[in-house]
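This report refers to the structure that appears directly beneath it.
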Amino acid sequence: MKSAPKSINELLSRATDIAGLTLAHVAELNHAPVPKDLKRDKGWVGQLIEAELGATAGSKAEQDFQEIGVELKTIPINQNGKPIETTFVTFCSLMPPFTASFEDSVVFKKIQRVLWVPIEGDRDIPVRDRRIGTPFLWQPDQNEFLLLKQDWEEIIELISLGKVETITARYGEVMQLRPKAANSKALTETIDEFGKIIQVNPRGFYLKTSFTSRILAKAFG
DNA sequence: TGCTGATCATGC
DNA sequence: GCATGATCAGCA
């Protein structure tokens with residue numbers, strides 16, 4: 001287990017040092033076995049990079065590197081450098097009181113500064129052979145901020161009106177609300193249109209691939 | 001074949 | 001169940 005990086009530069013330096021390496025290489029540095037596939041190890045890549053960069057292990061809220069205000073996100077990319085999967089941001093509370101402004105939301109707190117680490121993710125590449133790409137620091141620009149804010153406000157508005165069950169993943173320009181749970185039988189509380197408490201499948205916010213694709217394109221020109 | 005809804009592992 | 005880390009898988 002590595003110590004936490006003391007500055008953004010130190011974090012960036014560590015991330016840059018592993019660019020170009022395979023997952024097997026980094027796994028060896030961390031004395032970690034490499035799974036054959038990710039079917040039962042969906043978070044393995046993210047946790048490996050966390051360990052390598054010195055993020056605090058375990059489940060805790062807020063950013064990965066709280067002292068320096070950075071969230072770490074690995075992102076699987078294809079041969080063209082485009083994202084293969086959406087990016088999970090955080091759970092969405094479905095019960096009042098609802099956060100009043102996007103600026104105060106957990107979503108914004110998490111993604112106001114992200115260290116993106118692209119990693120080859122095509123399923124025909126064995127996990128051990130997948131290479132780590134060039135990391136980069138990202139903060140939403142004015143346009144990105146507004147798009148995220150609009151989506152967040154629209155989704156929270158519907159939930160506050162008791163209409164969470166009408167929200168599908170098709171909602172949102174750049175950010176969507178989707179199930180996030182052990183399975184479809186998991187339940188959490190929300191309100192219906194009359195304010196009555198009902199049980200629904202838990203939901204989380206995800207960044208759409210079209211949005212993260214633009215972020216990657218901007219970073220790499 | 002891209003995308004949405006579903007799912008997996010783990011700690012507490 | 002919630003929160004961490006995400007990817008799977010089947011259907012339109």
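A, B, ... follow the sequence lines: proteins, then strands. Residue 1 opens every chain.
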*asked:* Please tell me whether A/Phe102 and A/Phe145 form a close aromatic pair, meaning their ring centres lie under 6.0 Å apart.
replied: yes
*Quick one: list whatever passes salt bridge (charged side-chain N to carboxylate O under 4.0 Å, His left out) with A/Lys180, sequence neighbours left out.*
none
*Taking CD from A/Glu50 and C1' from B/dA9, how many angstroms apart are they, rounded to a whole number?*
14 Å
*Taking all atoms of both residues into account, what is the closest heavy-atom pair of A/Leu177 and A/Ile159, and its distance?*
CD2-CD1, 4.1 Å
*Hey, could you give me each pair passing side-chain hydrogen bond (donor to acceptor under 3.5 Å, both in side chains) that has a residue in residues 125-137 of chain A? Not counting sequence neighbours.*
A/Glu120-A/Arg131
*To the nearest Å, give me how far apart NZ (A/Lys73) and C1' (C/dT4) are.*
9 Å
*Kindly state each residue pair satisfying salt bridge (charged side-chain N to carboxylate O under 4.0 Å, His left out) with at least one member in residues 195-211 of chain A, sequence neighbours excluded.*
none
Show me the donor-acceptor pairs, under 3.5 Å and distance only, between side chains in residues 72-80 of chain A and residues at least two apart or in other chains.
| residue | atom | partner | partner atom | Å |
| --- | --- | --- | --- | --- |
| A/Lys73 | NZ | A/Phe88 | O | 2.8 |
| A/Asn78 | OD1 | A/Asn80 | N | 2.8 |
| A/Asn78 | OD1 | A/Gly81 | N | 3.1 |
| A/Asn78 | OD1 | A/Lys82 | N | 2.9 |

Can you give the donor-acceptor pairs under 3.5 Å from side chains of residues 15-29 of chain A to other protein atoms, not counting sequence neighbours?
| residue | atom | partner | partner atom | Å |
| --- | --- | --- | --- | --- |
| A/Thr16 | OG1 | A/Leu12 | O | 2.7 |
| A/Thr22 | OG1 | A/His25 | N | 3.1 |

_Pairs where residues 149-168 of chain A contributes a residue and the test side-chain hydrogen bond (donor to acceptor under 3.5 Å, both in side chains) is met, not counting sequence neighbours_ = A/Glu103-A/Lys149, A/Lys149-A/Glu153
*Quick one, which residues of residues 89-117 of chain A touch DNA chain C with a heavy atom under 4.0 Å?*
A/Phe91, A/Lys110
*Could you tell me which residues satisfy salt bridge (charged side-chain N to carboxylate O under 4.0 Å, His left out) with A/Glu62, sequence neighbours excluded, listed by chain and number?*
none
_side-chain hydrogen bond (donor to acceptor under 3.5 Å, both in side chains) contacts in which one or both residues fall within residues 210-221 of chain A, not counting sequence neighbours_ = A/Asp141-A/Lys218, A/Glu144-A/Lys218
*State whether A/Thr74 places a side-chain N or O below 4.0 Å from either non-bridging phosphate oxygen (OP1 or OP2) of C/dA6.*
yes
*Closest to side chain of A/Thr86, choosing from B/dT4, C/dT4, C/dG1*: B/dT4
*asked:* From CG of A/Asp37 over to C1' of B/dT7, roughly how many Å is that when rounded to an integer?
replied: 14 Å
*Would you kindly give the NZ-to-C1' distance between A/Lys82 and B/dT1, to the nearest whole Å?*
14 Å
Hey, what are the protein-to-nucleotides 10-12 of chain C N/O distances that come in under 3.5 Å?
none

*Would you classify A/Arg40 as touching base, sugar-phosphate or nothing, given that sugar-phosphate means primed atoms plus P, OP1 and OP2, and contacts are heavy atoms under 4.0 Å?*
sugar-phosphate
*Scan residues 144-176 of chain A against DNA chain B and write down, sorted by residue number, each residue with any heavy atom closer than 4.0 Å; if none is found, say none.*
A/Thr168, A/Ala169, A/Arg170, A/Gln176
*asked:* Students often get this wrong, so: under 4.0 angstrom with heavy atoms, is A/Gln63 touching a base, only sugar-phosphate, or nothing?
replied: nothing
*Who are the side chain to side chain donor-acceptor pair (under 3.5 Å) partners of A/Asp104, not counting sequence neighbours?*
A/Ser101
*Tell me: CG of A/Leu187 to C1' of B/dG5, nearest whole Å?*
16 Å
_Side chain of A/Lys39 - closest among C/dG5, C/dA6, C/dC8_ = C/dC8
*Tell me which of A/Lys180 and A/Glu85 sits closer to the 5' end of DNA chain B, going by the nucleotide each one is nearest to.*
A/Glu85
